[in-house]
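Single-structure report; data block below.
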Amino acid sequence: MLDGKPRFKTYHHPAGGWGAAAATAKILLEQSVVTKGSRALLSMNQPGGFKCSSCAFPDAECKKTLDFCENGAKALAFEATKFRVTREFFERHTVSELMERPDYWLEMQGRLTEPMRYDSSSDRYVPCSWDDAFALIGKHLRALESPHQAEFYTSGRTPNEAAFLYSIFVREFGTNNFPDCSNMCHEPTSRGLPPSIGVGKGTVILDDFEHAEAIFVIGQNTGTNSPRMMSNLVEASKRGVPIVAVNPMPERALVRFADPQDVIQMATFGSTKIASEFVHVRIGGDLAFLKGVMKVIFEREESGEKIVDWKFIREHTVGLDAVRDDAMAETWPELERASGLEESQIRRCAEIYIRSRATIICYGMGITQHQEGSRLVQQLVNLLLLKGNFGKPGAGISPIRGHSNVQGDRTVGIDEQPSQDYLDRVRDVFGFEPPREHGHHTIESVAAMQAGTAKVFIGLGGNFVRAVPDTERSYAAMRKLALTVAITTKLNRGHLVHGRDALMLPVIARSEIIRTAAGEQFVTIEDSMSNVTASRGVLQPASPHLLPEVEIVCRIAQATLPNSKVDWRSYSEDYCLIRDKIAEVYPAIYSDFSERIESPRGFHLDVPPRELVWPTPNGKANFLLLPGLEVNASVSDPDMLRLATIRSHDQFNTTIYSNNDRYRGVYNDRMVLFMNAEDRAARGLEDGSGIALETISDDGIQRRVSGLRVLDYPMPRGSVAGYYPELNPLLPLDYYDKISGTPAAKSIPVRVVAACRPDAGDEVPGRIS
Ligand SMILES: Nc1nc2c(c(=O)[nH]1)N[C@H]1C(S)=C(S)[C@@H](COP(=O)(O)OP(=O)(O)OC[C@H]3O[C@@H](n4cnc5c(=O)[nH]c(N)nc54)[C@H](O)[C@@H]3O)O[C@H]1N2
Ligand SMILES: Nc1nc2c(c(=O)[nH]1)N[C@H]1C(S)=C(S)[C@@H](COP(=O)(O)OP(=O)(O)OC[C@H]3O[C@@H](n4cnc5c(=O)[nH]c(N)nc54)[C@H](O)[C@@H]3O)O[C@H]1N2
Ligand SMILES: [Mo]
């Protein structure tokens, strides 16, 4: 909770278990949704029910009566909360006053209940009819000199139906400006994998976890960010499958876990050891680790052992030689220095990989959020290719995505760089000529706002301004806009940092029933393993004045494009008609969508590499070289620390559930910096000292966050970590992976600049007025 003194205490229990059960009960109680929430939980991830919005991990194939986790329950409780933000609330608070409140407080006010428009004369949001809201958007969009002056953001909770229509509307309007949350997340997967294996998606399905002989979990905090995957890791571990966790933070759940769904384990206070090898890599050291593992393989091949799957390599791949020569040229002292690991441990991990006949590599933001994120993803594939870990049970690459439908949104057209083929199909199906030039990704959209060329921002979900880098400059950029529109469930900072005109359009949430003139509707989502399933809300909408996202998109389109070729009205009533159009635009993967979605567990979209088909230009899987050992530009400052901005256990991205981070032993404080005790002592600081951090950059801009407290934590030397989004002011806008546009949020070069009292910082963490 927010009140109470900061407390720091090592968490000795296994992750999960009764701690998780108690946390679930507490959160349901706090949001006053115990009966409503517990009933809804029974429908979560069940056939006929709704999909959890907390992560993109698939449902268990074998039907459990319960298929949710502590953090899924939190997401639901915060959505099903009994608290409401009404017009009276906005009468009581000006926007400037609300800016003074922390993100957590904004979130706790509850669900928005009716459309609101910003009134500059009173500095307040005032009620506005839906018709007036759509008319205002239409007026602004039609007044632009060019459609490229508008930015259309999507956050990955948006279901397929709304995202597909949004992509059609925006293209008919005339731009491909689709900044997306994926641009800050797994875009290195979407851009990095196609040159390697021909598709920008993972190749693993849930069933593969039962056949794997080794599992690598690299740069992903499973117990917090995709807790349902812990069941798969627990089962694998019980089968004796070695699990290698590669992470600069010894994340509790990757060490020991008690499965709250396991009755016996709960009753006996038992738990399962997860990682057989915990690889304490330094931030950005993964490339050196992977090259070390490959070097061991090549060395042993040279000495006559049969390790590499030569048949697979010959039939299916191109480019091994350059990758081998590069790995062999690296020396062990250099590999040790760059990874922060000992040669002996890299050799042990190589041995695990060599012995396994089927290996899965899972990865998250610890891999993607570096300046070479996309090419680092390709190195994971290189390792897998060596032993033919594709096209067989128990093997493959498994990006663990973030938002529950972030992958699906991409599949159905949210893409700033659409292919010409796809645009031809849109033209043929809808009868208008879509724009052919590429549009803006997230970073480019912020740059366009800064430059003053962007005039309108529409956010289909999300909290754009809090999620993007360079908080101070991004706030200023948003404020230059003529119109900002937030299509949203709950109040967040993004509604308060707005354009001259601003709208807040509240939607029916995932867990709620959608009724239209054509009856009750359901939506669909695609999880991280390419399964498409239906989601049917079970709760009454939080207010009678909410609209479904699909209808909001259709009505914006109608208000903007009076001569549209698209029959928006029928789509907003009958979602089957939308799915029929998705099937027409994507015949290869979505044929018979409406029939196939009737199956209780949905269906799987084809991923060609599973069948050893490689849709790359040369028709092969490609070994792709990333020279050197660093994934970020080097910095010559001897005081430099690499900062990873991470999630606590009690947050969902920019939504803060509480100020605790149980597994890391932090209570009532988010302004902490996890640091190795020797790094701390070398700076003359005490455990708990107050400090400010400053970014090391050469663009002449000072970026500083004060009011941080140093915490002794088992971090590798030179690596520190702290929480997102409070530390986003330190992340320069142009510090990103140029292939994918993804900010390097896990490796910001910083230095400790000043000692100060821990409470000397902003009253509102990260506040910029
Ligand atoms: N409860 C909950 N669930 C979520 C979310 C949430 O906020 N809360 N967010 C959702 C979203 S959108 C996403 S994208 C995912 C994010 O899920 P994750 O990918 O787990 O994201 P993070 O917590 O940002 O960081 C992941 C891990 O990377 C490690 N790390 C940092 N730097 C490095 C490095 O250089 N190398 C390696 N190997 N590891 C490193 C960190 O220590 C941390 O354990 O979760 C999704 N699910
Ligand atoms: N420094 C740093 N920055 C990061 C990251 C990091 O690790 N470090 N992670 C990045 C990643 S991986 C991501 S994905 C982005 C997240 O960026 P976003 O997706 O933009 O942010 P969220 O916090 O997930 O958005 C939460 C808001 O979405 C709205 N919302 C919730 N449910 C619904 C719904 O059903 N419909 C609609 N229309 N709106 C809804 C609510 O208003 C809520 O406040 O942040 C990125 N930024
Ligand atoms: Mo994400």
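Remember, predicted model here, so these are calculated numbers, not experimental data.
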Tell me if the CD atom of E686 is crowded by more than 12 foreign heavy atoms within 6.0 Å. no
For E342, does the CD atom have more than 12 heavy-atom neighbours from other residues, nucleotides or ligands under 6.0 Å away?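 Counting other residues, nucleotides and ligands, CD of E342 stays at 12 neighbours or fewer.
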Side chain proximity check, [X] to [Y], heavy atoms < 4.5 angstrom:
X: C362; Y: I215; value: yes
X: F464; Y: T442; value: yes
X: L626; Y: V631; value: yes
X: F8; Y: V666; value: yes
X: Y353; Y: V296; value: no
X: L733; Y: V446; value: yes
X: E251; Y: V217; value: no
X: P179; Y: E444; value: no

Residue list, ring-ring contact (aromatic ring centres under 6.0 Å, His included) with F652, at least two apart or on another chain: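 Applying ring-ring contact (aromatic ring centres under 6.0 Å, His included) to F652 gives H403.
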For F57, the ring-ring contact (aromatic ring centres under 6.0 Å, His included) test, sequence neighbours excluded, returns none
Shortest non-hydrogen contact between [X] and [Y], atoms and distance:
X: F278; Y: N247; result: CZ-O, 3.4 Å
X: V753; Y: E694; result: CG1-CB, 3.4 Å
X: Y657; Y: A75; result: OH-CA, 3.4 Å
X: I274; Y: A253; result: CG1-O, 3.4 Å
X: A288; Y: A338; result: CB-CB, 3.6 Å
X: R709; Y: P6; result: NH2-CG, 3.4 Å

Any salt bridge (Lys or Arg N to Asp or Glu O under 4.0 Å) pairs touching residues 622-649, not counting sequence neighbours?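 Every pair satisfying salt bridge (Lys or Arg N to Asp or Glu O under 4.0 Å) with a residue in residues 622-649: R282-E630, R337-E630, D637-R751.
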If a pair satisfies salt bridge (Lys or Arg N to Asp or Glu O under 4.0 Å) and one of its residues is in residues 344-353, list it, with sequence neighbours excluded.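 Non-adjacent pairs meeting salt bridge (Lys or Arg N to Asp or Glu O under 4.0 Å): E277-R348, E299-R347, R300-E351, E343-R347, E351-R355.
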State whether the side chain of [X] and the backbone N or O of [Y] hold a donor-acceptor pair below 3.5 Å, judged by distance alone.
X: K746; Y: I367; value: no
X: T484; Y: G499; value: yes
X: N71; Y: T224; value: yes
X: S155; Y: C181; value: no
X: H186; Y: I400; value: yes
X: T359; Y: L384; value: no
X: Q651; Y: S648; value: yes
X: N676; Y: G718; value: no
X: D326; Y: P627; value: no
X: R664; Y: R252; value: no

Nearest 0.5 Å, what's the [atom1]-[atom2] distance between [X] and [Y]?
X: M478; Y: L496; atom1: CE; atom2: CG; result: 11.0 Å
X: I297; Y: R324; atom1: CD1; atom2: CZ; result: 12.5 Å
X: Y724; Y: L731; atom1: OH; atom2: CG; result: 11.0 Å
X: Q378; Y: T189; atom1: CD; atom2: OG1; result: 10.5 Å
X: L385; Y: F623; atom1: CG; atom2: CZ; result: 4.5 Å
X: L711; Y: M671; atom1: CG; atom2: CE; result: 12.5 Å

Test of understanding: with side-chain hydrogen bond (donor to acceptor under 3.5 Å, both in side chains), list the residues that count as partners of [X], not counting sequence neighbours.
X: S719; answer: none
X: R191; answer: E187, D415
X: K295; answer: none
X: Y713; answer: none

Stepwise, does the side chain to side chain contact (heavy atoms under 4.5 Å, CB included) test hold for L641 with V750? CA-CA 5 Å; L641 296 164; V750 293; 4.1 Å; yes
Any ion pair linking D687 and R680 (charged N to carboxylate O, less than 4.0 Å)? no
Would you tell me whether Y363 and D286 have side-chain atoms, one donor and one acceptor, within less than 3.5 Å of each other? no
Between the side chains of T471 and N728, is a donor N or O closer than 3.5 angstrom to an acceptor N or O?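 No, because no side-chain N or O of T471 sits under 3.5 Å from a partner of the opposite role on N728.
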One pair to check against side chain to side chain contact (heavy atoms under 4.5 Å, CB included): R401 and S190. What are the steps and the verdict? CA-CA 11 Å; R401 301 253 179 190; S190 307; 3.5 Å; yes
Mutual orientation of the aromatic rings belonging to Y663 and H649 [parallel < 30°, tilted 30-60°, perpendicular > 60°]: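 Rings of Y663 and H649: tilted, as their planes differ by 30° to 60°.
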Among pairs that include at least one residue of residues 682-712, which meet ring-ring contact (aromatic ring centres under 6.0 Å, His included), considering only residues two or more places apart or in two chains? none
Walk me through whether T742 and S740 qualify under side chain to side chain donor-acceptor pair (under 3.5 Å). CA-CA 5 Å; T742 303; S740 66; 2.9 Å; yes
Can you name the residues that form a salt bridge (charged side-chain N to carboxylate O under 4.0 Å, His left out) with D699, not counting sequence neighbours?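 Listed in chain order: R703.
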Set of side-chain contact (heavy atoms from CB on, under 4.5 Å) partners for A448, sequence neighbours left out: E151, H440, T453, A454
Which residues satisfy the side-chain contact (heavy atoms from CB on, under 4.5 Å) test with N492, sequence neighbours excluded? N463, H495
Applying side chain to side chain contact (heavy atoms under 4.5 Å, CB included), run through L254 and I243 and close with a yes or a no. CA-CA 9 Å; L254 293 171; I243 296 173; 5.9 Å; no
Applying side chain to side chain contact (heavy atoms under 4.5 Å, CB included) to L287 and Q379, what does each step give before you reach the verdict? CA-CA 7 Å; L287 179 62; Q379 308 309 301; 3.6 Å; yes
